[in-house]
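These notes concern the structure reproduced below.
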2 protein chains.
Amino acid sequence: MEREAPDDDAVFKALADPTRRAVLDLLRAKARTTGDLAGRFPISRFGMMKHLGVLVEAGLVLVERRGRERFNHLNPVPIRVLARRWIRPFEEDAVDRLLAQGLLHRPG
Amino acid sequence: MEREAPDDDAVFKALADPTRRAVLDLLRAKARTTGDLAGRFPISRFGMMKHLGVLVEAGLVLVERRGRERFNHLNPVPIRVLARRWIRPFEEDAVDRLLAQGLLHRPG
DNA sequence: ATGAAAGGGGACAAAAAGGTCACATATGGA
DNA sequence: TCCATATGTGACCTTTTTGTCCCCTTTCAT
């Protein structure tokens, strides 16, 4: 059976929080500083730092220090790896099986 | 900005646990009863029932009752929905941007 | 019918996650 | 230099999650 990479878990857990997903969504457009990000959510700067810590730990955010500022960049590579191992294998013929058993119904 | 469906969160949270991911992996091959699943993990039947409850709540598992048995089927549709909204948009040009800034390096 | 087997609900304890605060460090500019 | 700005660490509290247990219901076979 296909085995799970040890750090897949960190990526999944990082994605499990809506604030962190929203942060990634913001970083998709451009890198942002920690304070900038904290100002956009109803949590304190320290709370944002914890979230960023989780994201960095999972490899989803790369840090670039520029003077006294810290720019947080999105790194989409872990998401891509995860998609290869976990998303695509689930898209195959399971739907057909469910349809055949009448547990799922075609839309419309 | 793209908005998140209210139940995306349930799917992400369901996927955040390694036991639950392993269960989904098992169900990819065929549907299994609760007791069967519980016997394959180092947790009690009750613990497995809770995990299945989370998966059912997220729509990732569909239940078929057959006599006194309950067959848990994988439903890959929520994973597919999630992939469309969250995985693919992250695969676009962010890598190029990171490479251009020297924050990422080509393999090999 | 009656007993064994499979499944489910609710209470509850332990562990992990999410959040805040106080305090400390580093940087850029007047 | 001197100070405002931006960030980082550790302790701490609260909520959520994870797992176990007891007890009950349903179903199948004898």
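Within every chain, numbering begins at 1; the chains are lettered A, B, ... in the order of the sequence lines, protein sequences first and strands thereafter.
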Side-chain N,O (B/His51) to OP1/OP2 (D/dT17) below 4.0 Å: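 Looking at the OP1 and OP2 atoms of D/dT17, neither is under 4.0 Å from any side-chain N or O of B/His51.
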May I ask you to evaluate whether A/Arg65 reaches the phosphate of D/dA6, defined as a side-chain N or O under 4.0 Å from OP1 or OP2?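 No, outside the criterion.
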Could you give the [atom1]-to-[atom2] distance, from [X] to [N], as a whole number of Å?
| X | N | atom1 | atom2 | value |
| --- | --- | --- | --- | --- |
| B/Arg32 | C/dG7 | CZ | C1' | 18 Å |
| A/Asp9 | D/dT17 | CG | P | 16 Å |
| A/Asp17 | D/dT16 | CG | P | 13 Å |
| B/Leu55 | C/dG8 | CG | P | 14 Å |
| B/Lys50 | D/dT20 | NZ | C1' | 9 Å |
| B/Met48 | C/dG7 | CE | C1' | 14 Å |
| B/Glu64 | D/dT27 | CD | P | 15 Å |
| A/Arg21 | C/dG18 | CZ | P | 11 Å |

Is [Y] close to [X] at the side-chain level, that is, under 4.5 Å between some pair of heavy atoms?
| X | Y | value |
| --- | --- | --- |
| A/Thr34 | A/Leu52 | yes |
| B/Arg80 | A/Ile87 | no |
| A/Asn72 | A/Arg32 | no |
| A/Thr33 | A/Arg70 | no |

Closest-nucleotide 5' rank along DNA chain C - winner of A/Lys13 and B/Met49: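 Looking at the nearest nucleotide for each, B/Met49 comes out on the 5' side.
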Could you check whether B/Thr33 gets within reach of a base, just the sugar-phosphate, or nothing at all, counting any heavy atom under 4.0 Å?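 If one applies the 4.0 Å heavy-atom cut-off, B/Thr33 turns out to touch the sugar-phosphate alone, with no base involved.
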Base, sugar-phosphate, or nothing: which does B/Gly47 touch, judged by heavy atoms less than 4.0 Å apart?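 Here B/Gly47 touches the bases of the nucleic acid.
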State, to 0.1 Å, how close B/Ala16 and A/Lys13 come at their nearest heavy-atom pair, and which atoms those are.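 That closest heavy-atom pairing would be O-NZ, 3.0 Å.
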Scan the side chains in residues 37-47 of chain B for donor-acceptor partners under 3.5 Å anywhere in the protein, sequence neighbours excluded, and list what turns up.
unit_1, atom_1, unit_2, atom_2, d
B/Arg40, NE, B/Asp36, OD1, 2.6
B/Arg40, NH2, B/Asp36, OD1, 3.3
B/Ser44, OG, B/Phe46, N, 3.3
B/Ser44, OG, B/Gly47, N, 3.1

Would you give a per-nucleotide map of nucleotides 21-30 of chain C, 5' to 3', where B means the base has a protein non-hydrogen atom under 4.0 Å away, S means only the sugar-phosphate does, and - means neither? BB----BS--
From A/Leu24 CG over to A/Leu15 CG, what is the distance, rounded to the nearest 0.5 angstrom?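 Taking CG in A/Leu24 and CG in A/Leu15, the distance rounds to 6.5 Å.
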